[in-house]
Asker: 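What follows is a structure written as structure tokens; I'll ask about it next.
Counting starts at 1 for both ligands and their atoms, in listed order.
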Amino acid sequence: MRKLAAGNWKMNGTRASLSEVEAINAALDDTDPAVVICPPASLLIPAYDIGGKIGIGAQDCHMASSGAHTGDISASQIADTGATYVIVGHSERRTDHGETNDMIKAKAQAAHEAGLMAIICIGETLTEREAGETLAVLGKQMSGSVPDGATSQNTVIAYEPVWAIGTGLVPTLDQIDEAHRFMRAELLATLDEDAQHISLLYGGSVKGSNADDIFSVPDVDGALVGGASLSAHDFVPIIKALSRA
Ligand code: PEP
């Protein structure tokens with residue numbers, strides 16, 4: 001599995017923040033895993049221009065390739081910036097914009113058609129976890145939002161418990177292990193044997209202080225990081241922990 005540390009800047013950052021991209025790039029060496037930063041759309045081009053070894057990704061794409069969709073950005077437009085990744089189905093998009101599994105699958109397909117790596121996010125709410133529905137929810141999100149054409153060359157899946165995003169709460173290692181084993185088994189049951197090579201990221205309050213533990217879980221191939229990806233000071237220790245794993 002390809003190890004990947006991906007940063008989701010959400011609606012944070014202006015051109016002044018590009019110095020953090022430069023500092024993260026400067027800290028990378030040949031032993032480090034793949035690193036991707038997903039800045040807001042306004043920074044895709046300048047981040048790509050100075051990104052060096054860092055891959056650049058967008059945080060969402062439209063499912064159509066062009067047309068009358070004010071405020072949206074298509075996968076091919078993202079690819080045109082030099083970016084090579086796009087996050088789809090983040091829980092904040094599912095909640096704030098009512099995105100459904102069907103929409104997310106169509107967005108992932110659009111990403112694939114544009115030659116982008118889709119980072120497809122799934123994860124349960126606290127209510128669902130407390131009701132014992134976590135694996136059922138993950139199964140439904142996977143079958144609903146991962147397209148048939150998903151391979152290790154075009155897809156990464158991020159397990160992000162909604163209750164762990166931006167809260168400082170982190171599942172136990174056993175809970176992460178259970179979710180990631182389940183996701184791997186689902187991929188193997190529904191896709192061909194290449195599915196075993198699809199990278200599975202954990203996301204939700206990852207920090208330098210908990211990264212070593214999280215990366216010790218067998219089917220965790222990396223992390224999708226929100227708040228701690230905004231600065232080199234916080235993100236580089238996570239990248240280095242993934243190098244050690
Ligand atoms: C995220 O938004 O994808 C995320 C994981 O955020 P945080 O690391 O801040 O919890």
Asker: Any idea how H180 and Y202 line up, ring-wise: parallel (<30°), tilted (30 to 60°), or perpendicular (>60°)?
Answerer: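 Tilted: the ring planes of H180 and Y202 meet at 30° to 60°.
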
Asker: Return yes if a side-chain donor-acceptor contact under 3.5 Å exists between Q59 and W9, otherwise no.
Answerer: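 There is no such pair (donor and acceptor under 3.5 Å, judged by atom type) between the side chains of Q59 and W9.
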
Asker: Going by distance alone, is a donor N or O of one side chain under 3.5 Å from an acceptor N or O of the other, for T155 and H112?
Answerer: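 H112 and T155 do have a side-chain donor-acceptor pair below 3.5 Å.
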
Asker: Kindly check if the number of other-residue, nucleotide or ligand heavy atoms within 6.0 Å of NZ (K53) is above 12?
Answerer: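 Yes.
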
Asker: Between the protein and ligand 1, which nitrogen or oxygen pairs come in under 3.5 Å, and how far apart is each?
Answerer:
unit_1   : atom_1 : unit_2 : atom_2 : d
ligand 1 : 2 (O)  : K10    : NZ     : 2.5
ligand 1 : 2 (O)  : H90    : NE2    : 2.8
ligand 1 : 3 (O)  : H90    : NE2    : 3.0
ligand 1 : 3 (O)  : E160   : OE1    : 3.1
ligand 1 : 3 (O)  : E160   : OE2    : 2.7
ligand 1 : 6 (O)  : G226   : N      : 3.4
ligand 1 : 8 (O)  : G226   : N      : 2.8
ligand 1 : 9 (O)  : G227   : N      : 2.9
ligand 1 : 10 (O) : G166   : N      : 2.6
ligand 1 : 10 (O) : S205   : N      : 2.8

Asker: Can you tell me which residue pairs pass the salt bridge (charged side-chain N to carboxylate O under 4.0 Å, His left out) test with a partner in residues 98-108, sequence neighbours excluded?
Answerer: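 Qualifying pairs, neighbours excluded: D60-K107, R93-E99, E99-K107.
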
Asker: In terms of side-chain geometry, is the basic nitrogen of R184 or D221 positioned less than 4.0 Å from the acidic oxygen of its partner?
Answerer: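 The answer is yes: the pair qualifies as a salt bridge.
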
